[in-house]
Amino acid sequence: MKHIKLFYLASCPFCKQAFSYIEELKEQEQYKDIEIDLIEESEEPEVADQYDYYRVPTFYIDDKKLSEGIVTREKVEEIFQKALQSD
């Protein structure tokens, strides 16, 4: 299983929506063990500056950007599916 990195801002309404989708999906058995490294960009700017993105929420797997900005539930599920794929 691959780790997801999620860059977000605590005050961002789109990030809050993404967290709601994550919580909902993690209630499903196949997604409950997915690990997400949460990086609040204003608290960890030294980490955020190492990645190429402009909007949050932004999802990465293996340093590959999968989504930037507003996400749908379907997009978050697609990211979870990619996290479950083996290398």
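Model, not experiment: these values are computed from the prediction.
Judged as a side-chain hydrogen bond (donor to acceptor under 3.5 Å, both in side chains), and not counting sequence neighbours, Ser11 has no contacts. Under the rule for a side-chain contact (heavy atoms from CB on, under 4.5 Å), the partners of Leu38 that lie at least two apart in sequence or sit in another chain are Leu6, Tyr8, Phe19, Ile36. Listed by chain and residue number, nothing satisfies the side-chain hydrogen bond (donor to acceptor under 3.5 Å, both in side chains) test with Arg55 (two or more places apart in sequence, or in another chain). With sequence neighbours left out, Asp33 forms a salt bridge (charged side-chain N to carboxylate O under 4.0 Å, His left out) with no residue at all. When the side-chain hydrogen bond (donor to acceptor under 3.5 Å, both in side chains) test is applied to Gln28, the partners found at least two apart in sequence or on another chain are Gln30. For Glu77, the salt bridge (charged side-chain N to carboxylate O under 4.0 Å, His left out) partners are Arg73, not counting sequence neighbours. Residues satisfying the side-chain contact (heavy atoms from CB on, under 4.5 Å) criterion with Thr72, sequence neighbours excluded, are Glu74, Lys75. In terms of the side-chain hydrogen bond (donor to acceptor under 3.5 Å, both in side chains) criterion, Glu44 has no residue partners (sequence neighbours excluded). In this structure Glu68 satisfies the salt bridge (charged side-chain N to carboxylate O under 4.0 Å, His left out) test together with Lys65, sequence neighbours excluded. Taking Glu29 as the reference, Lys32 meet the salt bridge (charged side-chain N to carboxylate O under 4.0 Å, His left out) condition, with sequence neighbours excluded.
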Discussion item. Go through it in stages, so that I can follow the logic: the residues are Tyr21 and Ile79, the test is side chain to side chain contact (heavy atoms under 4.5 Å, CB included), and I'd like the CA-CA distance, side-chain angles, deciding distance and then a yes or no.
Written reply: CA-CA 12 Å; Tyr21 298 143; Ile79 293 165; over 6 Å; no

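Placement of Met1 and Ile22 within a single hydrophobic cluster is found when ILVMFWY residues are connected by side-chain heavy-atom separations under 4.5 Å, directly or transitively. There is no path of hydrophobic side-chain contacts, each under 4.5 Å, that joins Ile70 to Phe80.
Counting side-chain heavy-atom gaps under 4.5 Å among Ile, Leu, Val, Met, Phe, Trp and Tyr, the cluster of Phe7 also holds Leu9, Ile39, Val47, Tyr51, Tyr53, Val56, Tyr60.
Taking NZ of Lys2 as the start and NZ of Lys64 as the end, the distance is 8.5 Å to the nearest 0.5 Å.
Sorted by first and then second residue, the salt bridge (Lys or Arg N to Asp or Glu O under 4.0 Å) pairs with a member in residues 10-20 form an empty list; sequence neighbours excluded.
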